[in-house]
Amino acid sequence: MAGHADGNTNHSGLFCISWMKKILLIQTASIGDVILATPILEKLHEFYPEAVLDIFVKKGNEVLFESHPFLRKVYVWDKRSQKYKNWRILLGSVRKERYDLVVNVQRFLMTGLLTVFSKAGQTVGFSKNPLSVFFSKRFPHHIACRKGDPVVHEVDRNLSLIRHLTDSISVRPQLYPTPEQYAKVSQFKSKKYICIAPTSLWATKQFPKEKWIELIQKLGPEISIYYLGAPVDAAVCDQIMEHTRTSNAWNLAGKLSLLESAALMRDSVMNFVNDSSPMHLASAVNAKTTAIFCSTIPEFGFGPLSDDHQVIEITEDLSCRPCGLHGYKQCPEKHFKCAYQIDVDRMLL
């Protein structure tokens, strides 16, 4: 660990820097990306327990941080209505804080501008940000592109931004559902259950309905099934339920908040998810996870991180897989073999 002239040790005896009093973390991307940035909060709090920690997210993702024990403030950027006006207002608030450190894990222009004009004492981010040349420090962000490449998880890429201030030990994402949220979902925990989050923003990252139905028909009647997702996912869950017609299944899509969903997932016998945000919710409460990868691959570095997890993907090497980092609205090859040829027997409990 690099030394610093103005350093001391924290309550754990770890090296820290005494000028680090106020820190801002920026991540304005999707739910999963924000969850994968939370290890930065964990690590900074470990090394700088007296420092003020704030976070900057897009509107909708602030619900992840209700009653978060380490955070003082959550900046919420409404990008859908008067995006640039709202950004300027928030920039003014950020500048008034005079942060000692701004950590920007986002790689796009607007967060680069926010970082550069934040008036922070130190700024760090990825070199892929178009304004990173003006950051105090910038670091590479490399994503593997082929099956068999070495896996570097996005969590470790994010933590690379603060390793010069902390250490090289990785930590898992962490969210903090409230006691009230755990109490709300306790009604669903009277018997053994599984959670299924069957949808994804991208069609080629989503296990097909027919395959979900095939899996569910192989499950025993003694296990309850809870379907999770956003309100827009409720229709897909209904369609799966209509074809399985089990009396022990309930559609909770749109009925639980993100943290309530995480609270339910924590004690599930298993959580079946796609390569999507519910997978990261499960990681953030260390819930058992079966993650299904269709068009994308774990080598990208976005896989599950729970202690008890498995990745399910096609065993055959397809020349077309992966077809992209984020997926597509439909299979470019029109066959979607990477999903339909997955053997659901490998997913059985």
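Here the structure is a predicted model, which is why all the values come from computation and not from measurement. Just so you know, residue 1 is the first one in the sequence shown, and it goes up from there.
Residues T123 and N104 are not in side-chain contact: their nearest non-hydrogen atoms beyond the backbone lie 4.5 Å or more apart. Counting heavy atoms from C-beta on, the side chains of Y193 and D267 come closer than 4.5 Å. Using a 4.5 Å cut-off on side-chain heavy atoms (C-beta onward), Q181 and S257 make contact. Residues W87 and T28 have side chains not in contact (no heavy-atom distance under 4.5 Å, counting atoms from C-beta outward). In this structure, the side chains of M110 and W77 come closer than 4.5 Å at one or more pairs of heavy atoms. Proximity of L90 to V76: side-chain heavy atoms (C-beta onward) are nowhere separated by under 4.5 Å.
Residues V344 and F336 fall into different hydrophobic clusters, defined by Ile, Leu, Val, Met, Phe, Trp and Tyr side chains chained together at heavy-atom separations under 4.5 Å. The same ILVMFWY cluster, assembled from side-chain heavy atoms under 4.5 Å apart, contains both L348 and I225. Clustering ILVMFWY residues whenever any of their side-chain heavy atoms sit less than 4.5 angstrom apart, transitively, puts F65 in a cluster other than the one holding Y99.
Both tests hold for R157 against F302: distance to the six-membered ring centre under 6.0 Å, angle to the ring axis within 45°.
Atom CG of residue L114 and atom CZ of residue R88 lie 13.5 Å apart, to the nearest 0.5 angstrom. How far CG of L159 is from CD of E42: 10.0 Å, rounded to the nearest 0.5 Å. To the nearest 0.5 Å, the span separating NZ on K191 from CD1 on I223 amounts to 9.0 Å. With values rounded to the nearest 0.5 angstrom, S283 atom OG is found 11.0 Å from Q174 atom CD.
Taking the six-membered ring for Trp and thresholds of 30 and 60 degrees, Y226 and W250 have ring planes inclined between 30 and 60 degrees apart. Between F70 and H68, the ring-plane angle classifies as perpendicular under the 30° and 60° cut-offs.
Taking a 6.0 Å sphere around CZ of R346, one finds it holds more than 12 heavy atoms contributed by other residues, nucleotides or ligands.
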From CA spacing to verdict: side-chain contact (heavy atoms from CB on, under 4.5 Å), F207, S200
CA-CA 9 Å; F207 205 43; S200 171; over 6 Å; no
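A donor-acceptor contact closer than 3.5 angstrom links the side chains of E154 and H141. In this structure, a donor-acceptor pair under 3.5 Å is present between the side chains of T199 and D233.
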